[in-house]
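One structure below.
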Amino acid sequence: MSLNTQLVRSLKAPARPVWEESPSKAGLAAKSGFLLLCCLGVLAPLWIVIVTSLSPKPVIDRVGGLVVIPRGITFVNYTELLGGGQVSRAIMVSAGVTLFGTLFSMTVSVLAAYGLSRPGSLGHRFFLMTMMATMFFGAGLIPTYLLVQSLGLTDTYLSLVLPSAVSVFNILVLRAFFMGISPELTESARIDGAGDLRILLTIIMPLSRAVLAVISLFYAVGYWSSWFNASIYLSDQEMMPLQNVLIQLVQKHTEAPTGLQQAVRTGQLSSLGLQMAVMVLALIPVAIASPFVQRHFKKGMLTGAVKG
Amino acid sequence: MSLTAGSRPDGTCSPAAVEKPTPVALATAGTKAGAATAGTKVRAPGGKSKGGTVAFRIRLRRDRALILMTVPVILLLLLFNYLPLLGNIVAFQDYDPYVSSNGITAIFHSPWVGFEQFSRMFEDPLFWSATKNTLLLFALQLVLFFPVPIALALLINSVIRPRVRAVAQAIMYLPHFFSWVLVVTVFQQLFGGAGVIAQTLEQHGWSGFDLMTNADLFKYLVTAQSVWKDAGWGIIVFLAALSAVSTDLYEAAAMDGAGRWRRMWHVTLPALRPVIALLLVLRVGDALSVGFEQFLLQRDAVGAGASEVLDTYVWNMGIQNGDFSYAAAVGLAKGLIGICLVLGANKFAHLLGEQGVYKK
């Protein structure tokens, strides 16, 4: 073996500590087998759902249920769902609530996290205790429901955003990250005459892109996935977000979304294919967003876990 | 001017103070920095200034931007977390939302009944059934769910190839971000009466089955759902703890002749001990909240007998049946027991020599 190939190999294979014995073949096989099984356990259901949503009706009918092996691909379920009607509207509602909710939550959270990031500032300890105390007790479902109702928020989109807009845990993670930024940076800006808001916007936030991305994802996923608030605060069917429409389709055994029932009844569309397509629409944004933020997870979570 | 700025390395003063190098500002800056000026006491005009502390008015002026930034969150928490706490007084009433035009003012017009709702709770077989289910599910989660992320983290940690690690982690994290609606639906389509597995069995001549409506197996089904959704996510914190373990310890153990398993037992697991203790404390403190959405979604399929937990019971009695006072009483009892559990579990962690959620 030439020195060159040896070098290449050592670059490719990660350094194994010299004291560690090399793994046995059986052990390695068992380990990778189990790991593969775990990953398959996660991916297989998703695969089946996606393939079914893309299958034409004859294929779904022949199999008699969900399709595992794709035979022919059609996007008809998606074009029908996205061409207007109940599901399109629900997607718009969900997207809007997610967008504005995340913006609102991020704004107040980042402000508070920065406001609490300087130990020794006035009221710092008191505000922090006020916040953290809410992590240990909840007011309960009934009083919250009565409050939202009394405030006149029922049947408005505000009821989907305001009651759950603040996550104290997320603020603590942000705060821990902000506190980790070296004070010399902010100090020099302060000497140059920058105020706190300016320091936050021009120094702190650009330096914390990683944690901002992670926390935004947490908030966004929260809003996108929530259905319970809508189920108790909204009564208007037209206002329902996507997850609630999905429940109605799958749990309550409704055949197809309103607007497409005719097509299902006359045999043009498969109700199962439509249901699966709605599921895919519900999981797509999350599945796409999370890998991008993935590499920041550990960094973002670690700073929060260590100092929070 | 330059003196003021230079003598302030702790970063606690705002430009407002910089512009006015009053004697007070100078003195406080000195004491803050722990300089020799600590002895010079300067009384702030109008404010009380003890020894080294900064006068309230000065601090208010200095930190007003920070305080203003914190206010929105505090207001939201006061409105949606603290104010509803007061709303729990409906648990001591026979609350009727229709005696007044507004739900809050209706509290002042509803009759007081003392602890009647609570005594009703103790005589209610449905409440006890929900409590039983809750505790049973908690025990099951503790045994079947809690160790899974630890085992997975150990497994992933033993994989050295970074590419494999990253891909495996990415896949395992994914379900955490799916909503309960999606998870329950996926399970229903796979294991339900019309699901893939039942269909395949029937096509091959076996009798089909329906896991989703089986009340006896429900507790295992929901545990499996929780594992599928969150076990992968749970490994993050353990991996973080593992990555903090010094390799010197492993090396030293290896030099002393410890094999793979010995090193895991004597180095890896002790490193995880504080994290495990912390998460266990949190879990026990949350024993009465085994999950809510997950059970609400499957309540219709398996019936209330098997799926009713305390949270869904509160929802059912309050939101569905409109018996707000009774539901609030159940919720209040649950919350109080929950706080006792957190404190008790934390005490226990301290007894074991662990830090727990908060320090002694």
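Lettering of chains follows the sequences in order, A, B, ..., and the numbering in each one begins at 1.
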Largest heavy-atom contact set with chain A, pairs under 4.5 Å, which of [options]:
options: B:Val164, B:Leu85, B:Asp286, B:Val330; value: B:Leu85
options: B:Gly331, B:Ala170, B:Ser325, B:Ala106; value: B:Ala170
options: B:Leu155, B:Leu60, B:Leu332; value: B:Leu155
options: B:Gly87, B:Pro84, B:Gly259, B:Gly335; value: B:Pro84

Per-residue contact mode, [X] against chain B (heavy atom under 4.5 angstrom):
X: A:Val166; value: side chain
X: A:Leu283; value: both
X: A:Val168; value: side chain
X: A:Phe104; value: side chain
X: A:Val110; value: neither
X: A:Leu162; value: both
X: A:Leu141; value: side chain
X: A:Ser109; value: backbone
X: A:Val221; value: side chain
X: A:Leu153; value: side chain
X: A:Tyr145; value: side chain
X: A:Ile171; value: side chain
X: A:Thr186; value: neither

Can you name the closest pair of heavy atoms from [X] and [Y] and give their distance?
X: B:Asp63; Y: A:Ser121; result: OD2-CA, 3.1 Å
X: B:Arg59; Y: A:Leu122; result: NH2-CA, 3.7 Å
X: B:Ala168; Y: A:Cys39; result: CA-SG, 4.0 Å

Do [X] and [Y] come within less than 4.5 Å of each other through their side chains, counting heavy atoms only?
X: B:Ile104; Y: A:Leu146; result: no
X: A:Ile142; Y: B:Val314; result: yes
X: B:Phe80; Y: A:Ser164; result: no
X: A:His124; Y: B:Ile67; result: no
X: A:Ile48; Y: B:Leu190; result: yes
X: B:Leu68; Y: A:Asp196; result: no

* Asked: Non-hydrogen atoms of chain A under 4.5 Å away: do they reach the side chain of B:Thr247, the backbone, both or neither?
  ->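 Backbone only.
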Donor-acceptor pair, [X] side chain versus [Y] backbone, under 3.5 Å?
X: B:Tyr82; Y: A:Ala139; value: no
X: A:Lys31; Y: B:Ile156; value: no
X: A:Arg118; Y: B:Leu66; value: no

Distance check, rounded to the nearest 0.5 Å: [X] atom [atom1] versus [Y] atom [atom2]?
X: B:Trp315; Y: A:Phe228; atom1: CH2; atom2: CZ; result: 7.5 Å
X: A:Met135; Y: B:Leu282; atom1: CE; atom2: CG; result: 8.5 Å
X: B:Met69; Y: A:Thr107; atom1: CE; atom2: OG1; result: 12.0 Å
X: B:Gln189; Y: A:Met279; atom1: CD; atom2: CE; result: 7.0 Å
X: A:Leu249; Y: B:Thr185; atom1: CG; atom2: OG1; result: 9.5 Å

* Apply side-chain contact (heavy atoms from CB on, under 4.5 Å) to the pair A:Trp227 and B:Leu296, showing each step before the final yes or no. => CA-CA 11 Å; A:Trp227 59 274; B:Leu296 198 51; 3.8 Å; yes
* Chi angles and distances behind the side chain to side chain donor-acceptor pair (under 3.5 Å) call for B:Trp180, A:Gln243 -> CA-CA 9 Å; B:Trp180 272 117; A:Gln243 306 284 346; over 6 Å; no
* To do: Show your working on side-chain contact (heavy atoms from CB on, under 4.5 Å) between B:Leu77 and A:Thr130 and close with a plain yes or no.
  => CA-CA 8 Å; B:Leu77 288 177; A:Thr130 312; 5.7 Å; no
